[in-house]
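When a ligand or atom number is given, it counts from 1 through the structure's own listing order. Everything quoted here is computed from the prediction, not taken from an experiment.
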Amino acid sequence: MEQTTVFNPIDLGAGLTLKNRFVLTPLDMQLSRENGQVTQRDLAFHRSRSRDVGLDIIGSAYVDLAGNTALHSVAVDTDETIPGLIQLAQTIHQNQTKAVLQLVHAGRATNKGATQGQTIIGPSSIAAPFAGFPVPETLSDRAISKVMNHFIDAAHRAEKAGFDGVELHGANSFLLQQFVSPASNDRTDKYGGTLVRRLRFPVELVTRLTALIKSFHHDFALGYRLSPEELIADGMSLADTLALAKVLDDCGITYLSLSLRNYAQTSATMPTIQTEIVTLFKQVVHCPIMVAGGIKTSENVVDAGLRSALVGVGSALIKDPNWLKKVRNELNVD
Ligand SMILES: Cc1cc2nc3c(=O)[nH]c(=O)nc-3n(C[C@H](O)[C@H](O)[C@H](O)COP(=O)(O)O)c2cc1C
């Protein structure tokens with residue numbers, strides 16, 4: 001039955017053969033210790049929430065303390081984090097569920113409480129247009145390559161910890177998005193100005209990660225999550241992110257994840273375009289796409305499963321670890 005194929009296994013390549021097409025979306029539940037070490041509460045959350053999904057993505061693991069998004073997020077910034085991350089990956093694997101670690105650098109979208117006093121940095125010295133965000137220090141060329149190294153080291157640690165892959169957090173206004181957006185990037189060097197230059201940071205990073213993954217000599221997935229457009233003046237446009245998605249796909253990412261308010265939404269900045277955002281991205285990439293946002297009922301599940309390869313669920317599974325079982329019963333799936 002086509003409507004319930006979302007419960008069937010799927011092979012995404014790069015070692016990601018999933019028992020079904022459901023994904024626990026990346027969720028920063030802030031259950032870790034103040035130094036980012038994994039706790040029993042992290043393990044309990046993922047033990048119960050990964051049980052029925054094919055893939056569990058751990059949300060917002062910071063690659064450097066200066067890029068932490070919130071206190072008590074999980075860390076992957078030092079080798080000392082590896083033992084806790086091993087436990088987390090093993091806990092998820094015990095459910096025959098694949099485990100991916102989402103890597104984040106907050107850039108300007110954080111505060112000195114979260115970074116524990118570390119200097120806040122960004123592509124340019126432009127503060128986020130919301131109350132309470134500081135003016136970041138502009139990254140020098142050297143500092144840019146240091147930040148990239150933090151991502152590379154973090155991916156290496158995720159691999160050592162037994163994760164099946166990493167996902168770059170290029171959404172929700174964090175550092176990668178700040179490079180792409182003209183509202184946060186007014187650099188005049190090779191990382192700013194034209195669209196090609198604004199895309200350079202994420203594209204270079206993905207290229208370096210792809211090379212790192214080759215050196216592992218075993219399967220390891222690389223996902224990328226993006227927000228399709230910014231709702232601020234002169235913000236990143238849908239055309240910008242469609243171009244980014246195409247380049248990332250050409251670079252060989254395993255999957256693309258769209259961070260949406262609603263899985264079936266159309267553009268908020270270009271209301272004349274009535275085509276759903278997920279359809280626009282399907283037209284430019286070959287890799288599987290994950291949608292998320294507002295999937296709360298059996299109808300939503302079927303509907304989202306017809307639109308994209310991966311169906312991401314956050315809030316419904318936070319509220320009720322048995323939610324997917326109930327959906328299965330409602331749809332009469334064995
Ligand atoms: C508590 C909470 C924490 C979240 N943390 C992250 C995160 O770390 N990384 C991320 O990409 N999205 C994060 N999100 C967004 C979710 O992954 C998801 O896209 C969003 O909640 C919409 O899906 P839903 O309607 O099923 O909740 C978070 C959402 C919630 C509610």
for atom 4 (C) of ligand 1, nearest protein heavy atom and its distance come out as Asp28 N, 3.5 Å

Checklist entry - ligand 1 and Ser259, any nitrogen or oxygen pair closer than 3.5 angstrom? => result no

A student checking ligand 1 against Asn172 at a 4.0 Å heavy-atom cut-off should list atoms 10 (C), 11 (O), 12 (N)

The protein heavy atom nearest to atom 26 (O) of ligand 1 is Gly314 N, 2.9 Å

Note to self: Atom NZ of residue position Lys146 - does it have more than 12 heavy atoms of other residues, nucleotides or ligands inside 6.0 Å?
What the structure shows: no

Within 4.0 Å of some non-hydrogen atom of Gly59, the atoms of ligand 1 are 8 (O)

Query raised in the report: Going by heavy atoms, is Ala316 under 4.0 Å from ligand 1?
Result: no

Within 4.0 Å of some non-hydrogen atom of His169, the atoms of ligand 1 are 9 (N), 10 (C), 11 (O)

Could you check whether atom NE2 of His286 has more than 12 heavy atoms from other residues, nucleotides or ligands sitting under 6.0 Å from it? no

heavy-atom search around atom 11 (O) of ligand 1 in the protein gives Arg225 NH1, 2.8 Å

Is it the case that the ring center of Phe163 lies less than 6.0 angstrom away from the ring center of Phe220? no

Note: Lys326-Asp320 ion pair, threshold 4.0 Å (strictly below):
yes

Ala154 and Val63 have their tightest heavy-atom pair at CB-CG1, 3.5 Å

*Residues Val291, Leu260; criterion side-chain contact (heavy atoms from CB on, under 4.5 Å); working and verdict*: CA-CA 7 Å; Val291 289; Leu260 301 164; 4.2 Å; yes

A student checking ligand 1 against Gly293 at a 4.0 Å heavy-atom cut-off should list atoms 22 (C), 23 (O), 25 (O)

Quick note on ligand 1: atoms under 4.0 Å from a heavy atom of Gly294 include exactly 24 (P), 25 (O)

Heavy-atom proximity to atom 9 (N) of ligand 1, picking from Lys296, Met290, Gln102, Glu167, points to Gln102

| request: Given side-chain contact (heavy atoms from CB on, under 4.5 Å), test Leu280 with Leu242 step by step and report yes or no. | output: CA-CA 8 Å; Leu280 297 173; Leu242 285 165; 4.1 Å; yes

Only residue of Lys325, Arg21, Lys19 satisfying salt bridge (charged side-chain N to carboxylate O under 4.0 Å, His left out) with Asp52 is Lys325

Looking only at protein heavy atoms, what sits closest to atom 2 (C) of ligand 1 is Leu27 CD2, 4.0 Å

closest protein heavy atom to atom 27 (O) of ligand 1 is Ser315 OG, 2.5 Å

task: Ignoring hydrogens, tell whether any protein atom lies closer than 4.0 Å to atom 20 (C) of ligand 1; use the non-hydrogen atoms only.
output: no

Ligand 1 to Thr25, heavy atom cutoff 4.0 Å, flagged ligand atoms 16 (C), 17 (O), 18 (C)

The option among Ala292, Ala70, Ser73, Ser60 carrying the non-hydrogen atom nearest to atom 8 (O) of ligand 1 is Ser60

- Mutual orientation of the aromatic rings belonging to His105 and Phe151 [parallel < 30°, tilted 30-60°, perpendicular > 60°]: tilted

min-distance protein heavy atom vs atom 13 (C) of ligand 1 -> Pro26 O, 3.0 Å

Pairs of nitrogen or oxygen atoms closer than 3.5 Å, one from Met29 and one from ligand 1: do any exist? no

of all protein heavy atoms, closest to atom 31 (C) of ligand 1 is Ile318 CD1, 4.1 Å

In terms of ring plane angle, is the pair Phe174 and His169 parallel, tilted or perpendicular, where the classes change at 30° and 60°? perpendicular

Is the closest basic N to carboxylate O distance between Asp56 and Arg49 below 4.0 Å?
no

4.5 Å side-chain heavy-atom contact, Asp334 and Phe7 | no

